[in-house]
Amino acid sequence: MRGKLGKTEKCLLAVAAAFLLLTGLLQARDAGARSDSGFQVTTEAGEDFTYELPEPLDLNTATKEELMALPGVGEVLAERILAYRAEHGPFTCVEELGNVSGIGEKKLEALLPEVTVGEGKTEEETAGETPAEDGKESPHADLSGG
């Protein structure tokens, strides 16, 4: 019986094939349920919901508390980031975060996917502005022509 499979071996092969097929189908289903900003979760109670991934944090508007939520950023480093922003103005690119004392290559690499740079204005700069002050027309301008 060297070249033939016995009944037990055939059963084991069938079970293994079925397992692999089922695993592939489940992975395909799960991949289809994911979106760019989250993924589908099913609770033990059978309830489905989509877990939304957090948006990248804008370095130019982030508060100390928000910065401290980033991986590897504690109170001291968050304060250094805020001090750098206050001294040098808004971040122009996320890589500029590497200029902050205490952020080396590895920490910067870990932070890059977690942060973004907005329009180059901090909350303090935009807090007192009205649309007319920034040189743009007011969104409530009279368009009636008269």
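Nothing fancy with the numbering, it's 1 onward along the sequence.
- Linking ILVMFWY residues whenever their side-chain heavy atoms come closer than 4.5 Å, directly or via other members, leaves Met68 and Leu97 in distinct clusters.
- The distance from atom CD of Glu114 to atom CG of Leu67, rounded to the nearest 0.5 Å, is 12.0 Å.
- With hydrogens and angles disregarded, a donor-acceptor distance shorter than 3.5 Å links the side chain of Glu96 to the backbone of Thr92.
- Across all their heavy atoms, Ala110 and Pro71 have their closest contact at O-CG, 4.4 Å.
- Judged by distance alone, the side chain of Lys64 and the main-chain N or O of Glu79 form no donor-acceptor pair under 3.5 Å.
- The stretch residues 57-90 participates, sequence neighbours left out, in these ring pair (Phe, Tyr, Trp, His ring centres under 6.0 Å) pairs: Tyr84-His88, Tyr84-Phe91.
- If you take OG1 on Thr116 and CG on Asn60, they are separated by 9.0 Å, rounding to the nearest 0.5 Å.
- Using modelled atom types, one side-chain atom of Asp58 and one backbone atom of Gly118 make a donor-acceptor pair closer than 3.5 Å.
- We find the OG1-CG distance between Thr63 and Leu57 to be 7.5 Å, quoted to the nearest 0.5 Å.
- Here the side chains of Leu77 and Leu70 are not in contact, with every heavy-atom distance at 4.5 Å or above.
- Leu5 and Leu12 sit in two unconnected hydrophobic clusters of ILVMFWY residues. Membership requires side-chain heavy atoms under 4.5 Å apart, directly or through other members.
- Looking at Arg80, its side chain never comes within 3.5 Å of a backbone N or O of Ile103 through a donor-acceptor pair.
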